[in-house]
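Nothing fancy with the numbering, it's 1 onward along the sequence.
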Amino acid sequence: MKQKNETKSQKHLRAHEVTALEAWNFRTYMDRLYDRVVRRREFLVAASNCLGNLSEQLDLIEKEQSDKFPEVGTEVSHVSNIPQITIRDPGKRITKGRPKVAKRILSGKQASQIQAKPRACRKCNGIGHDSRNCQP
């Protein structure tokens, strides 16, 4: 019988768990609210009063929950496991300015030396010499 009560309380906890996305959205909302509140004193006073009332309401809800489920206690406001977020380095991009490895245009002489085929002799078709210094 006790097992069923534990499973009911566990189900109750899971139904009232706050997801990571919900927690993140709430934090974003509170950050925006903070940015607005700090601009003027009237905003700060109004927000402080509202948060004080909210804190009292949360205390009442928490007390009701602990009365219904005494073995659960204060673990009602448990945030589920937040998955690890991996941030990778940004991809390589081509930058402005001179490239680190210069790709210059070769001069005509340099290009001909790289692409030149070895010449063959007209008399004997041998490679490495020409007809002026051919020795048959």
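Although no hydrogens or angles enter the test, the distance criterion places a donor-acceptor pair under 3.5 Å between the side chain of Glu22 and the main chain of Thr19. Proximity of a side-chain donor or acceptor of Ser48 to a complementary backbone N or O of Leu44 within less than 3.5 Å is detected.
The line from SG of Cys121 to CG of Asn133 is 8.0 Å long, rounded to the nearest 0.5 Å. Remark: Arg132 CZ to Lys123 NZ distance equals 11.0 Å, nearest 0.5 Å. Rounding to the nearest 0.5 Å gives a distance of 13.5 Å between NZ of Lys63 and CD1 of Ile61. A distance of 12.5 Å separates CG in Asn49 from CG in Leu54, rounded to the nearest 0.5 Å. Taking CG of Leu33 as the start and CZ of Phe43 as the end, the distance is 10.5 Å to the nearest 0.5 Å.
In terms of hydrophobic clustering, with Ile, Leu, Val, Met, Phe, Trp and Tyr side chains grouped at heavy-atom distances under 4.5 Å, Val37 and Phe26 are assigned to a common cluster. Leu51 and Leu58 fall within the same hydrophobic cluster, where Ile, Leu, Val, Met, Phe, Trp and Tyr residues are linked whenever their side-chain heavy atoms come under 4.5 Å apart, directly or through other members.
Side-chain contact between His129 and Cys124 is present, with heavy atoms from C-beta onward closer than 4.5 Å.
Stacking of Arg32 on the aromatic ring of Tyr29 is not recorded, the 6.0 Å distance cut-off and the 45° axial limit not both being met.
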